[in-house]
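Input: a single structure, listed below in structure tokens.
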Amino acid sequence: MEQLAPKDICVAFFNGYMYCTITEQFINGKIHSSDLDKLKKAAVECMKDYIEHSAFSNEEKEEMRNNYEHWADVTLKGIKQRLRDSDKLYE
């Protein structure tokens, strides 16, 4: 079995802490619709960068470019609806 390096343990801990903090806000608080819109914009930019630097073929990259904005829109719509249903979204 491979041992984790201290750096990897720290990164895993930090990521876990961030996810817990974000999740706590969803469970205990409300989130602004505009904040979710900003997150979607950041996710789209990350996806663009990921596609450009990936090892996929040009054809696969083109297909991904055609779909990533749609995926982000559908996901955001679903998240907002769930938060609306649970009265956790400021509009």
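Along the sequence shown, the residues carry numbers beginning at 1.
The shortest side-chain heavy-atom distance between Leu36 and Lys38 does not fall under the 4.5 Å cut-off. Using a 4.5 Å cut-off on side-chain heavy atoms (C-beta onward), Phe56 and Glu63 make no contact.
Enclosure of atom CG in Asp49 by more than 12 non-hydrogen atoms of other residues, nucleotides or ligands within 6.0 angstrom is indicated. The neighbour count for Arg84 CZ, taken as heavy atoms of other residues, nucleotides or ligands under 6.0 Å away, is above 12. Within 6.0 Å of CD on Glu59 lie no more than 12 heavy atoms contributed by other residues, nucleotides or ligands.
The residues Lys80 and Asp37 are annotated as salt-bridged, a charged nitrogen and a carboxylate oxygen being separated by less than 4.0 angstrom.
At least one donor-acceptor pair closer than 3.5 Å links the side chain of Ser86 to the backbone N or O of Leu83.
Interatomic distance, OG1 of Thr21 versus OH of Tyr17, reported as 4.0 Å (0.5 Å rounding). For the atom pair Asn15 CG and Met18 CE, the distance stands at 6.0 Å (nearest 0.5 Å). With rounding to the nearest 0.5 angstrom, the OH atom of Tyr90 is 5.0 Å from the NZ atom of Lys30. Taken to the nearest 0.5 Å, the NZ atom of Lys77 stands 12.5 Å off from the NZ atom of Lys40. To the nearest 0.5 angstrom, Glu45 atom CD is 4.0 Å from Lys48 atom NZ. Rounding to the nearest 0.5 Å gives a distance of 15.0 Å between NZ of Lys88 and CD1 of Ile79.
Contact record, Ile51 with Lys61: O-CE, 3.2 Å, taken as the closest heavy-atom pair. Smallest separation of non-hydrogen atoms from Val44 and Ala72: CG2-CB, 3.7 Å.
Under a hydrophobic clustering in which Ile, Leu, Val, Met, Phe, Trp and Tyr are joined whenever their side-chain heavy atoms come within less than 4.5 Å, directly or via other members, Tyr68 and Leu39 fall into different clusters.
No option in Asp73, Asn67, Asn66 other than Asp73 meets the side-chain contact (heavy atoms from CB on, under 4.5 Å) test with Glu69.
Between the side chains of Asp85 and Gln81, at least one donor N or O sits under 3.5 Å from an acceptor N or O.
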